[in-house]
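Take a look at the structure set out below.
A, B, ... follow the sequence lines: proteins, then strands. Residue 1 opens every chain. On a predicted model such as this, the values are computed, not experimentally measured, just so you know.
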Amino acid sequence: MYSEIVMDHFRNPRNAGTMENPDGVGQVGNPKCGDIMKIYLKINKNEIIEDVKFETFGCGSAIASSSIATEMIKGKSVHEAVELSNKAVIEALGGLPPVKIHCSVLAEQAVKSALYNYAQKNNKTIKGLENYKPEDDEIHCEH
Amino acid sequence: MSKKLYLDNAATTRVRKEVIEEMSRYFDELYGNPSSQLYELGRKSKEAIEKARKTLADFLNADEKEIYFTAGGTESDNWALKGVAFANLNKGKNHIITTKIEHHAILHTCEYLEKFGIETTYLDVDRYGLIDIEQLKESIRPETMLISVMFANNEIGTIQPIEEIGEIAKEHGILFHVDAVQALGSVKIDVNKQHIDLLSMSAHKIRGPKGIGGMFIRKGTRIDNFIHGGGQERGRRAGTEGVQNIVGFGKAVEIAARDFDHHVERLTVLRNRLIEGIKNNIPDVVLNGHPTRRLPNNVNFSYKYVEGESILLLLDMEGISASSGSACTSGSLDPSHVLLATGLDHGTAHGSIRFTLSEEITEEDIDFTVETMKKIIIKLRAMSPIKNDEDLHKN
C-alpha cells in the first residue's frame with residue numbers, strides 16, 4: 001500500500017517532537033477529519049530555518065508527509081521553504097495512494113502556516129504568503 | 001520479528017484442519033453434481049449436503065427444511081430483506097425497522113429498497129451499542145413487514161436482546177430477521193425460543209471456508225426467491241451447490257456445537273484479560289461496546305489522541321494483525337458508523353482498534369499484545385499535537 005520511503009519515514013520519523021520558544025508555529029487539520037499537523041520553526045536572523053520539529057495526529061502517510069516536509073525545509077531560507085508544494089512532498093515520498101494525497105496537502109499547509117506565523121510576529125512579508133489565510137473556519141474533511 | 005499473531009478473527013478465521021480434510025474429498029473423489037441422482041457419485045454429493053443441513057438445523061433448533069445454503073452472510077442478508085420486501089410489494093406493507101449499527105449488507109440493501117418505495121426506520125443505540133426496546137415499539141407501524149436486528153455487532157461485539165425483540169415482532173405479526181454472522185458459534189441461538197423467522201450465517205467466521213453461508217427461513221414465511229435458475233435448494237436458491245464448501249460449513253458447525261461451552265468460557269477469560277490489561281496499562285482509553293453483553297472474542301478500545309491506522313501499521317511491524325474504525329482504514333471520510341452511533345466523537349473514533357481473538361491465542365499472546373500496545377501508544381502520543389480532551393474537542 002505504501003512506498004518504502006513512506007514506511008521508512010513512518011517508522012523512523014525525522015524531527016518529531018516539540019520546540020521551546022519557536023520563531024514560528026503552524027497547525028492545520030482537525031480531529032474530526034482524523035489529521036492534525038503542527039510545525040515548529042527556529043529561524044535565524046538571516047531568515048534561514050535552523051531547526052524544524054513536527055507533531056502529527058494521523059495515519060501513516062500523514063506522519064511520513066510531515067517528517068519528509070521537515071527534512072525538505074531544514075537549512076532552507078524562509079523564501080525557499082514557502083515554495084514547498086504538496087507535489088514535491090508526494091514525489092519525495094515515492095508516491096502516495098490516491099486517498100492519501102490530502103496528507104501531502106496538509107504538510108504544505110502546515111509549513112505555510114508556521115511561516116505565516118513567523119512573518120506576522122516579525123512584521124515581515126514572505127512572497128507567496130500574501131493571500132494565505134491561516135484559519136479556515138469551515139471543517140471540510142478531504143481524502 | 002517474533003511469531004505472527006492474528007487478532008482479526010471477526011474479519012475471517014483460519015480454516016480448521018479437520019474442515020479442510022473433510023472438504024478435500026469433495027474435489028477429486030466425490031465430485032458428482034448433487035442434481036445427478038441417477039448415479040452414485042451424484043447421490044453421495046446430495047447426501048453430504050443433507051448431512052451438513054441437518055448439522056446446521058440441529059445447532060439452531062430448526063428443521064432441516066428450513067435451512068438454505070447461500071454464497072455467504074451478505075447474500076443471506078440481501079435475500080432476507082429483498083425477498084421479504086418484494087413478496088410484500090403492492091400489499092400495503094412498505095416499512096422495515098433496523099438499527100444504525102447493522103452491517104453494510106443490511107444498510108445498503110435498505111438504501112436500495114427505497115427505490116421501490118420501501119421506508120426504513122434506523123433505531124438508535126446507547127453508548128454500549130444496545131437498542132432501546134421502547135423506541136422499537138414506537139417505530140412499529142401498520143405497514144411494518146420486517147424487523148432486522150443483528151444478533152451481535154461485528155465491530156464492538158454488543159449482543160442485542162434478541163428474544164425480547166422476537167417476542168415483540170411475534171406479537172405484532174411482523175417478520176423478524178437476525179444477522180447472526182458474528183454470533184454463530186459464540187452465542188446460543190434457538191430460532192424457536194427467540195422467535196426468529198429469518199437468520200443469516202457465514203462459514204468463514206467460524207473456521208469454515210469463505211464463499212459459503214446459510215439462511216434459516218421459518219416454514220410458511222412469505223419471501224421471494226433471490227437467485228433464479230435451476231431447482232437447487234428446493235427451488236429457492238438456484239445454482240449448482242458448492243458441495244465442498246457446504247461440507248466444510250457443516251464440519252465447522254459440528255465442531256462449534258461440540259466445543260461451544262469450552263470455546264465461550266476460554267475466550268471470555270482471554271478477552272477479559274486483554275480488556276483489563278489495556279485498561280490497567282494504558283491511560284486515556286475508552287472501551288467500545290458493552291462491558292459484559294459482548295461477544296467472547298471481541299475487544300474494542302479507543303486510544304485517545306492517536307489515530308488507528310498508525311497503530312495498525314506499528315502492530316503489523318510487531319506481527320500483530322488487528323483492525324480499526326478509523327476513516328483512514330475504511331476509505332471513507334468518516335470513522336465507523338457503529339462507533340459514531342454509540343455517541344463517540346469523531347476524534348476518539350479515529351483512534352479505535354478492534355482485537356478479535358481465537359482459541360489459538362494464549363495468555364502469553366494477550367500479555368504480549370498489551371505490552372506492544374503500551375509501547376505503540378506511548379510512541380504515537382509523543383508525536384501527537386493532541387495532548388488532552390480540550391485539544392481533541394476543538395472544532
Sort and list the pairs that fulfil ring-ring contact (aromatic ring centres under 6.0 Å, His included) and have at least one residue in residues 108-130 of chain A, not counting sequence neighbours.
->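 Listed once each, the pairs are A:Tyr116-A:Tyr132.
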Contact list for residues 49-60 of chain A, test salt bridge (Lys or Arg N to Asp or Glu O under 4.0 Å), sequence neighbours left out =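 Applying salt bridge (Lys or Arg N to Asp or Glu O under 4.0 Å) to every pair that reaches into residues 49-60 of chain A, excluding sequence neighbours, yields A:Asp51-A:Lys74, A:Glu55-B:Lys387.
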Measure B:Ile311 against the heavy atoms of chain A and call it side chain, backbone, both or neither at under 4.5 Å.
-> neither
Side chain, backbone, both or neither: which part of B:Asp391 has an atom under 4.5 Å from a heavy atom of chain A?
->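 The answer is the backbone of B:Asp391.
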Report yes or no: does B:His350 contribute a side-chain atom to a donor-acceptor pair with the main-chain N or O of A:Lys32 at less than 3.5 Å?
-> yes
Say whether, by atom type as modelled, one donor and one acceptor occur between the side chain of B:Glu307 and the main chain of A:Cys59 under 3.5 angstrom.
-> yes
Hey, which of A:Ala16, A:Gly34, A:Ser61 has the most heavy atom pairs under 4.5 Å with chain B?
->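 Heavy-atom pairs under 4.5 Å are most numerous for A:Gly34.
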Heavy-atom pairs under 4.5 Å with chain B are the metric here; pick the option from A:Ile63, A:Ile36, A:Thr56 that has the most.
-> A:Thr56
Gap separating the [atom1] atom of [X] from the [atom2] atom of [Y], nearest 0.5 angstrom:
X        : Y        : atom1 : atom2 : value
B:Met317 : A:Phe10  : CE    : CZ    : 5.0 Å
B:Ile386 : A:Gln27  : CD1   : CD    : 8.0 Å
A:Tyr2   : B:Leu313 : OH    : CG    : 6.0 Å

Heavy atoms of B:Tyr305 and A:Phe57 approach each other most closely as O-CD1, 3.3 Å
Go through the atoms of A:Pro13 and report whether side chain, backbone, both or neither lie under 4.5 Å from a heavy atom of chain B.
-> side chain
Heavy-atom pair count under 4.5 Å with chain A, highest-scoring of B:Ser310, B:Ala382, B:Pro385 =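 It is B:Pro385.
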Assess whether atom OH of B:Tyr122 is packed by more than 12 heavy atoms of other residues, nucleotides or ligands within 6.0 Å.
->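 Counting neighbours around OH of B:Tyr122, more than 12 heavy atoms of other residues, nucleotides or ligands fall under 6.0 Å, so yes.
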May I ask you to check whether over 12 heavy atoms, not counting those of B:Glu390, lie within 6.0 Å of atom CD?
-> no
